Protein chains: 2
Amino acid sequence: MARRSKTAPAVRKPAAARPAEVQASALRRTRREHATETAKDYVEAIADITALHGEARAVELARRLGVTHVTVVRTVARLQRDGYVSAKPYRSIFLTEKGSRLAEESRQRHEVVVAFLRSLGVPEEIAQTDAEGIEHHVSPETLAAFKRCAASRR
Amino acid sequence: MARRSKTAPAVRKPAAARPAEVQASALRRTRREHATETAKDYVEAIADITALHGEARAVELARRLGVTHVTVVRTVARLQRDGYVSAKPYRSIFLTEKGSRLAEESRQRHEVVVAFLRSLGVPEEIAQTDAEGIEHHVSPETLAAFKRCAASRR
DNA sequence: TTAGAAATGTAGCCATAGCTACATGTTATG
DNA sequence: CATAACATGTAGCTATGGCTACATTTCTAA
Ligand SMILES: [Mn+2]
Ligand SMILES: [Mn+2]
Ligand SMILES: [Mn+2]
Ligand SMILES: [Mn+2]
C-alpha cells in the first residue's frame with residue numbers, strides 16, 4: 001500500500017481502526033440485506049392487504065408501498081420468478097408457501113423492532129417508520145438483545 | 001377499493017393495521033435513506049483511510065468497501081459531481097468541506113449506534129456489522145433514545 | 001534509466017428499481 | 001348491455017451500483 005509516501009499530516013489516530021477486510025464484509029452484508037429487502041416488504045404488504053381486503057391487488061400494493069403501479073407490476077414479476085407469489089394477468093396476487101413463510105417472519109421481526117423502540121420511549125409512528133429500515137439489518141444476536149431488553153423494561 | 005367482492009376468507013385481523021398512506025411514507029423515507037447511504041459510507045471510509053495512511057487511494061477504498069476499483073471510480077465521480085470530494089485522474093481523493101462534515105456526522109452516528117448495541121450485550125464485531133446498516137435508518141428521536149439508554153446502562 | 005508492477009481509467013455488460021405515457025382489459029352501474 | 005371508470009399491462013426512459021476485460025498511467029526498484 002505505502003507506495004506513495006508524502007507530506008500529508010496524520011489528522012486523527014482512530015483508537016481501534018477496523019481492519020479493511022472486516023469493514024468490507026460488513027458492507028457486503030448490508031448490500032445483501034438490501035437485495036432481499038424489497039421481497040420482504042412486498043410479501044408482508046401482500047399478506048396485510050389480503051388479511052384486510054380478502055385479496056391483494058396491484059393498485060393497493062402501489063398505494064401502500066408508495067410507488068406507481070408499474071413498479072409494482074415489475075416487482076411482482078420478479079417475486080413470481082423467485083417463487084414468492086403467484087399471479088395471473090388482471091387477477092389478484094397470491095403468496096406461495098415460500099412467500100407466506102417470508103411474510104410471517106418479516107411481520108414478526110417488524111413487530112419485535114417496533115416493540116423494542118417503543119420500550120425505549122420512541123413514539124409509535126416514529127418507531128414504525130424507523131423499523132421499516134432497521135428491521136432488515138438486525139442480526140439474530142441483536143434481535144435477541146432487542147427482545148431481552150424490551151421484556152426487561154416492560 | 002372493494003370493487004371486486006369475492007369468497008376469500010379473512011385470515012387474520014391485525015390489531016392496528018397501519019393506514020396505507022402512513023406505511024407508504026415510511027417506505028419512501030427508507031428508500032431516501034438508501035439513496036444517501038453510499039455517499040455516507042464512502043466519505044467515512046475516505047476520512048478513515050486518510051487518517052490512517054495520509055491519503056485516500058481508490059485501491060484502498062475498494063478493499064475497505066468490498067467492491068472493485070471500477071465501482072469506486074464511478075462512485076467517486078458521483079461524489080465529486082455532488083460536491084463531497086475532489087479528485088484528479090491518477091491522484092488521491094480529497095474530501096471537500098461538505099464531505100468532511102458528512103464524514104464526521106456519519107462517524108459519530110456510527111459510534112453511537114455501536115456503543116448502544118454494545119450496551120445491550122451485542123459483541124463488538126456483530127455490533128459493528130449491524131451498525132453499518134442500522135445507522136442509516138435511525139431518526140433523531142431514536143438516536144436520542146439510543147444515547148439515553150446506552151448512558152443509563154453504563 | 002527503464003522495465004515491470006501496481007494503480008487507475010474506460011468500454012461495455014448486467015440487474016434493480018424508480019418513472020411517464022399510452023394501450024388494453026375488467027367490471028360496476030346507469 | 002353498453003360504457004365509463006378503474007385496473008392492469010407494455011414500451012421505453014432514467015439512475016444507481018455491481019461486474020469483467022482491457023488500456024493507460026504512474027511509480028518502484030533493479
Ligand atoms: Mn422494511
Ligand atoms: Mn437499509
Ligand atoms: Mn453504513
Ligand atoms: Mn458506518
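Since the model is a prediction, treat every value here as computed from it, not as a measurement.
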**Asked** More 5' along DNA chain C: B:H69 or A:P89, using each one's nearest nucleotide?
**Response** B:H69

Just the rounded figure in Å: distance from [atom2] of [N] to [atom1] of [X].
X	N	atom1	atom2	answer
A:K40	C:dA17	NZ	P	13 Å
A:D82	C:dT16	CG	P	8 Å
A:H34	D:dG18	NE2	P	11 Å
A:Y90	D:dA7	OH	C1'	8 Å
B:E37	C:dA17	CD	P	14 Å
B:D41	D:dT16	CG	C1'	15 Å
A:R91	D:dT8	CZ	P	10 Å

**Asked** Do B:H34 and B:H136 have ring centres separated by under 6.0 Å?
**Response** no

Between the protein and nucleotides 11-15 of chain C, which nitrogen or oxygen pairs are less than 3.5 angstrom apart?
none

**Prompt:** Relative to the 5' end of DNA chain D, which residue comes earlier, B:Y42 or A:V73, by the nucleotide with the nearest heavy atom?
**Reply:** A:V73

Whether the [X] and [Y] side chains hold a donor-acceptor pair (N or O, under 3.5 Å, no angle test) is what I'd like checked.
X	Y	answer
A:E104	A:Q108	yes
B:Q128	B:H110	yes
B:E55	B:S92	yes

**Prompt:** Looking at residues 22-32 of chain B, who's got a heavy atom less than 4.0 Å off DNA chain D?
**Reply:** none

**Asked** With the threshold set at 4.0 Å, does a side-chain nitrogen-carboxylate oxygen contact exist between A:E111 and A:R107?
**Response**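 Answer for the salt bridge query: yes.
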
**Test: B:E37 and B:R32 ion pair at under 4.0 Å** =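 Judged by the 4.0 Å cut-off on N to carboxylate O distance, B:E37 and B:R32 do not form a salt bridge.
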
According to a strict under-4.0 Å criterion, is [X] in side-chain N/O contact with OP1 or OP2 of [N]?
X	N	result
B:T38	D:dG17	yes
A:T71	C:dC19	yes
B:R57	C:dT8	yes
B:T68	D:dC19	yes

**Co-membership, hydrophobic cluster, residues B:I134 and B:L143, 4.5 Å side-chain** = yes

**Asked** Where is the tightest heavy-atom contact between B:V113 and B:A131, given as atom of each residue plus distance?
**Response**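 Nearest heavy atoms, B:V113 then B:A131: CG1-CB, 3.7 Å.
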
**Asked** For residues 75-87 of chain B, which residue pairs qualify under salt bridge (charged side-chain N to carboxylate O under 4.0 Å, His left out), counting only residues two or more places apart or in two chains?
**Response**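 For residues 75-87 of chain B, and leaving out neighbouring residues, there are no salt bridge (charged side-chain N to carboxylate O under 4.0 Å, His left out) pairs at all.
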
**Asked** Which one, C:dC19, D:dG9, D:dC19, comes nearest to the side chain of B:V67?
**Response**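 Of the candidates, D:dC19 comes closest.
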
